[in-house]
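Only one structure is covered here, and it is reproduced in the block below.
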Amino acid sequence: MLDKTYDPAAVEAGRDEAWEAAGRYRPRGAGTPYCIMMPPPNVTGSLHMGHALNHTVQDTLVRFKRMQGRDVLWQPGTDHAGIATQMVVERELAAEGTSRRAIGREAFVDRVWQWKAESGRTIVAQLRRLGASPDWSRERFTMDDGLSAAVRRAFVSLHREGLIYKDERLVNWDCQLHTAISDLEVVSKEVDGQLWHFAYPLEDGSGSITVATTRPETMLGDTGVAVHPEDERYRDLVGKHVVLPLVGRRIPIVADEYSDPEKGTGAVKITPAHDFNDFEVGRRRGLEALNILDPDGRLNDTVPAAYRGLDRFAARDRVVADLDAAGVLVKTEPYRYMVPFGDRSNTVIEPYLTDQWFCDAPTLAKDAIAAVEDGRTTFVPANWAATYFDWMRNIQPWCISRQLWWGHRIPAWYGPDGAVFVEESEADAHAAARAHYGREVALEQDPDVLDTWFSSGLWPFSTLDWPAGSSELQRYYPTDVLVTGFDIIFFWVARMMMQGLHFMGEVPFREVYIHGLVRDEAGQKMSKSKGNIVDPLQLVEDYGADALRFAILASLAQGRDIKLGESRVQGYRNFVTKLWNAARFCELQDCRPEPAFAPEAVETTLNRWIVADLAATRDVVTAALEGYRFNEAALALYRFVWDRFCDWYLELAKPVLDAGGPAAAETRATAAWVLGRVFRLLHPMMPFVTEALDEQLLGAEPHGLIVADWPAPVAVDDGGARAEIEWLIALVSEIRTARSELRVPASARLALWIAEPDAAVRARLAAWRPAIERLARLDGVHEGMPESAGGTLQVVVDGLTYVVPLAGHVDVDEERARLDKEMAKLEADVARLDRKLANPQFVAKAPEDVVEEQRERRAERAATLARLEAAAARLEGR
RNA sequence: GCGGGCGUAGCUCAGCGGUAGAGCACGGCGUUUACACCGCCGGUGUCGGAGGUUCGAACCCUUCCGCCCGCACCA
């Protein structure tokens, strides 16, 4: 027996373990392969709404495909997330009063591994709680031996091809983390600052040129002043020199297109080592790049003694004060401008001149762009391709080295004279060094590690045992679809495309399904600082994973962010409860699956109707899931279960079941069959409750639904069943509405009269009399016109008038008013349709079936109207 | 500045060329031993504004207004 109330916790408990133990998560080995690579969550992270959304979508797809008979591999794993993880552990050390530098590199890395071992299971456990069904036996971690080997192979190979190189360039430098970061890890924020104008005196004493800056401390590194070649104001100054105040350095005034006469004073100070634009100008004009900062962001020894060792911001104040004292501060104005911050450290990022490893992204991007252009990979929704192209076509060399300790150590070793040996192992490096020097030398490995995304970019094939190779690699690459948020199209999707195409010669995935972000009920992005985080696990605890999953999917309109509040989840928990109770009713009614049940062969109108309706729902759901229209699939099932099966089918079945006989037997079998189909259709979206019901109610074999066949289409000839049930629903609804509007007490059992039924209607009434009486609260169905005192209620359905004598329950005026309201609506409809049909253009140009449809509609409305008019007249007549 | 998106019922959103919809919220009524996590009943809303295309536009085009998100700028 099913429990009286649905208890998600009880229903969901133990099911993940059972599925896994039964091997359900593993590829079945037969069927067309279907593969999804799980975007590896940060190993030390915990589940947030974004994960819940992302994994619910993947799991729904995977379960759907599994049921369709595909050989499904959902490859799971986690990411080492270099900076984020290192920071967490560093914070821990700080709390203990020590630091990574204090304990040293080796001890620190050990410590991170230790921490990973402790906290690395959380996210996986949480995903399991959600119902995620990847092949956990294949779980990978980006720093596993195999994946690390893949990283080294990729690095060495790209290096040999000249696509990875070391260069001294400006990078985004994080002064707190002491590492370079990529462009993508920099977030610009608008800041209220000041714009200072300084007059740099000309060397020849003939005056000065005024430049403006928001970062005065950088003037200590100025090696030039640029003006626009066309700028009349400064034309005569080009080629002259100024003497840099405070420093005394003689620097040239150069002409360069970069200088914008409209901006600031039109003359711009050039600090090649500390500004990306200035760096380019410096290169073009042969200006020296003078690095004035140390890795902490303090001024170094290239600046005058007074400023050495000062922090960049302290130096700023000092420089301004000194320039003011020197009389060259022309003016100071408040100024709003954009300042780059590190997305992790949230400190101001400095452009900084260092030696770093770069990947030639512009070259790798070529095929990655072509692959999307020619449709080898497509985006869903398609417009995300524009974002992808936009970034790919403007891609810059990718700085892949990080001055961190946690991550893949760069496989480069340096000899005593600085010669570099890039090899997959230290042994190989030594061999190369021997060949180079003709003797054994001491080598030192590059201290840096690689950007985390370098290894994540290899994920679609490194997880399948590349470079060693395996049958899985052959079978599942390219994967079918990547499911991810738009926020990492650049970070991750682009990198996988570049590396996948380069190393595998084929795209990593054929489709990229991009979903939105989860926001709170007010549409705010969830963040810890706002305190509006909704914890998915709390929701799972309160309402069940099934409810959360279904809520997510039902809210997931394509290409939009989703706003998910608790009430939404609650609503779908109610839906699960509804399903549970419907199943329980069927159980009480002894509905059991009939092995020989053939949906096409059911005979009663009611059963033919529900079978036909379910067949249509199946088609809608199948097409919706295939097209990533999850909300459409969810809604179709919600409607079928609640509005059709529960509200009408079961209610109409009650009298049939009570009456017994062959019709009752068929109905029991049909109900059981329909529920079984519903469980299957719903399973990818709400896996737990559907399988529990399938087992408990229908006696299906344990953990079988997850691998049950997806329902095949059913070709039903409903033989007029739909029309008949629609008539019945309309009749009952009309009477209910009229009763409610006339405030007839619910308890009043009234008779139904029909004046002139034809044979068909007479038969229908006879067949459905118990149902009509039950659902419309009636007692007796009669032919003819009633002798009524005390008013009547009259409704028109399919052109026939049905009369309910009210016997004093209501007064005539109220019924008259109700009829008037309905007639007014119909009159308006008829008038509108008449206007349309009277338009010769419409009749001539619109498709025939559309015109015919309007004519029929017009006739139907007019007939109903006539009946209502007659009914009104009868009211008057008394 | 460039790109993308959004503006439909109180709220959250479907619909995207042929009668304006759902859920939630709200209000009324509670009869039916599956379900109060329920049942029944209740929606005229300039489909952001203005033009245009069309026999017909919430849906296509143009333009304007308002909001959001990327990217760039960052003297």
Side-chain angles (χ1 to χ4, degrees), chain A residues 2 4-6 183 188 190-191 193 195-197 211-215 226 259-260 262-269 275-277 335-340 381 383-384 386-387 389-391 394 486-487 489-490 516-517 521-523 525 543 547 554-555 557 559-565 567-568 570-589 631-632 635 638-639 643 646-647 650-651 654 732-733 736-741 743-749 774-775 777 825 829 832-833 836 839-847 849-851 853-854 857 861:
Chain A
L2 294 179
K4 181 144 172 43
T5 52
Y6 162 64
D183 298 349
S188 291
E190 204 166 53
V191 161
L195 186 64
W196 287 274
H197 291 64
V211 297
T213 182
T214 55
R215 298 190 295 153
S259 184
D260 180 351
E262 307 289 314
K263 268 192 204 162
T265 61
V268 58
K269 61 193 254 340
D275 182 286
F276 288 96
N277 289 309
Y335 194 72
R336 263 184 105 75
Y337 66 116
M338 299 295 274
V339 179
N383 46 291
W384 286 111
T387 301
F389 286 137
D390 190 46
W391 191 68
N394 296 301
F486 60 80
D487 47 335
I489 291 180
F490 306 143
L517 261 39
E521 268 163 320
K525 202 164 162 177
Y543 304 107
S555 317
R560 256 207 208 223
D561 287 350
I562 77 172
K563 289 173 196 159
L564 194 69
S567 65
R568 198 98 196 232
Q570 197 172 43
Y572 290 107
R573 186 275 317 268
N574 295 353
F575 173 64
V576 182
T577 304
K578 186 76 182 175
L579 179 68
W580 181 270
N581 286 318
R584 200 165 144 269
F585 172 76
C586 291
E587 184 182 46
L588 294 171
Q589 293 292 335
N631 58 333
E632 202 178 308
L635 188 63
Y638 184 99
R639 282 197 173 135
D643 301 347
C646 292
D647 286 354
L650 291 183
E651 292 305 325
K654 282 173 183 175
V732 170
S733 300
R736 278 174 173 171
T737 302
R739 284 182 69 128
S740 174
E741 284 181 353
R743 292 191 294 279
V744 177
S747 56
R749 292 225 163 222
R774 182 187 158 83
L775 298 177
R777 300 304 300 163
K825 207 185 290 175
D829 273 5
R832 189 176 44 79
L833 290 164
K836 201 166 187 176
N839 181 348
Q841 300 274 37
F842 172 69
V843 180
K845 296 196 176 176
D849 57 326
V850 171
V851 178
E853 197 186 324
Q854 310 292 318
R857 196 175 295 157
R861 296 293 144 94

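Letters A, B, ... are given to chains in the order of the sequence lines, protein chains preceding strands, and every chain is numbered from 1.
The distance from atom CG of A:Asn394 to atom P of B:rG1 is 18 Å, rounded to the nearest whole Å. Computed from coordinates, the A:Asn277 CG to B:rA75 P distance equals 8 Å when rounded to whole Å. Protein atom CG of A:Asn383 is 18 Å distant from nucleotide atom P of B:rC69, rounded to whole Å. For the pair A:Arg215 CZ and B:rA75 P, the interatomic distance rounds to 7 Å; values are reported in whole Å. Computed from coordinates, the A:Lys836 NZ to B:rG18 P distance equals 10 Å when rounded to whole Å. Rounded to whole Å, the distance from OH on A:Tyr337 to P on B:rA75 is 8 Å. The separation between A:Phe276 atom CZ and B:rC74 atom P is 11 Å, rounded to whole Å. With rounding to whole Å, A:Arg857 atom CZ is found 4 Å from B:rU19 atom C1'.
Remark: the backbone N or O of A:Leu2 is paired with a side-chain donor or acceptor of A:Glu587 at under 3.5 angstrom. Formation of a donor-acceptor pair under 3.5 Å by the A:Arg739 side chain with backbone atoms of A:Pro745 is found in this model. Panel note: side chain A:Ser188, backbone A:Pro340; no donor-acceptor pair is recorded below 3.5 Å.
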For nucleotides 20-25 of chain B, which of its nitrogen or oxygen atoms have a protein nitrogen or oxygen under 3.5 Å away, and what is each distance?
residue : atom : partner  : partner atom : Å
B:rA22  : O4'  : A:Arg639 : NH2          : 3.4

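Residues passing the side-chain contact (heavy atoms from CB on, under 4.5 Å) test with A:Pro847, sequence neighbours excluded: A:Asp849, A:Val850. Under the salt bridge (charged side-chain N to carboxylate O under 4.0 Å, His left out) criterion, A:Glu262 pairs with no residue, sequence neighbours left out. Applying the salt bridge (charged side-chain N to carboxylate O under 4.0 Å, His left out) test to A:Arg861 and every residue at least two apart in sequence or in another chain returns A:Asp829. Residues forming a side-chain contact (heavy atoms from CB on, under 4.5 Å) with A:Ser740 (at least two apart in sequence, or on another chain): none. Residues passing the side chain to side chain donor-acceptor pair (under 3.5 Å) test with A:Asp183 are A:Asn172, sequence neighbours excluded. A search for salt bridge (charged side-chain N to carboxylate O under 4.0 Å, His left out) contacts involving A:Arg749 returns nothing, not counting sequence neighbours. Under the salt bridge (charged side-chain N to carboxylate O under 4.0 Å, His left out) criterion, A:Arg777 pairs with no residue, sequence neighbours left out. The ring pair (Phe, Tyr, Trp, His ring centres under 6.0 Å) search around A:Trp580 returns A:Tyr6, not counting sequence neighbours. Here A:Phe575 pairs with A:Phe550, A:Tyr638 under the ring pair (Phe, Tyr, Trp, His ring centres under 6.0 Å) rule; sequence neighbours left out.
The separation of B:rG7 from B:rG48, taken at their C1' atoms, amounts to 6 Å, rounded to a whole angstrom. Only the C1' atoms considered, B:rA58 is 12 Å distant from B:rU46, to the nearest whole Å. Atom C1' of B:rG49 sits at a distance of 29 Å from the matching atom of B:rA25, rounded to the whole Å. Atom name P, nucleotides B:rC29 and B:rA34: the rounded distance is 25 Å, in whole Å. The separation of B:rC16 from B:rC61, taken at their P atoms, amounts to 15 Å, rounded to a whole angstrom. Remark: the separation of the P atoms in B:rC47 and B:rC55 is 23 Å, to the nearest Å. Distance noted for atom P between B:rG43 and B:rC68: 36 Å (whole Å). For the C1' atoms, the distance linking B:rG45 with B:rC13 amounts to 15 Å, nearest Å.
Here the nucleotide nearest the side chain of A:Asn631, chosen from B:rA75, B:rG4, B:rA14, is B:rA14. Side-chain proximity of A:Glu741 to the nucleotides B:rC74, B:rG18, B:rG42 is greatest for B:rG42. For A:Arg573, whose side chain is taken as the heavy atoms from C-beta onward, the closest listed nucleotide among B:rC37, B:rC55, B:rA75 is B:rC37.
Considering CG of A:Leu579 and SG of A:Cys646, their distance stands at 7.5 Å, rounded to 0.5 Å. With rounding to the nearest 0.5 Å, the separation of CG in A:Leu195 from CZ in A:Arg215 is 12.5 Å.
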Given protein heavy atoms under 4.0 Å, the one-letter contact record of nucleotides 26-34 of chain B, with B base, S sugar-phosphate only and - none, is simply -----BS-B
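Looking at which nucleotide of RNA chain B each of A:Asn839 and A:Tyr6 is closest to, the 5′-most match is held by A:Tyr6. Mapping A:Glu853 and A:Asp275 onto RNA chain B by nearest heavy atom places A:Glu853 at the nucleotide closer to the 5' end.
The phosphate of B:rC74 (OP1 or OP2) has no side-chain N or O of A:Ser188 nearer than 4.0 angstrom.
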Each base of RNA chain B marked ( ) or [ ] if paired in-strand (Watson-Crick or G-U under 3.5 Å), | if paired to another strand and . if unpaired gives ((((((((.[[[[.)..(..]]]].(((((.......))))).....[[[[[..)....]]]]])))))))....
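Note on A:Thr737: only backbone sugar-phosphate atoms sit closer than 4.0 angstrom, heavy atoms only; bases stay farther off. Nucleic acid contact class of A:Val850 (heavy atoms, under 4.0 Å, all strands): base. Across all strands, A:Thr5 comes closer than 4.0 Å to no nucleic acid atom at all (heavy-atom distances).
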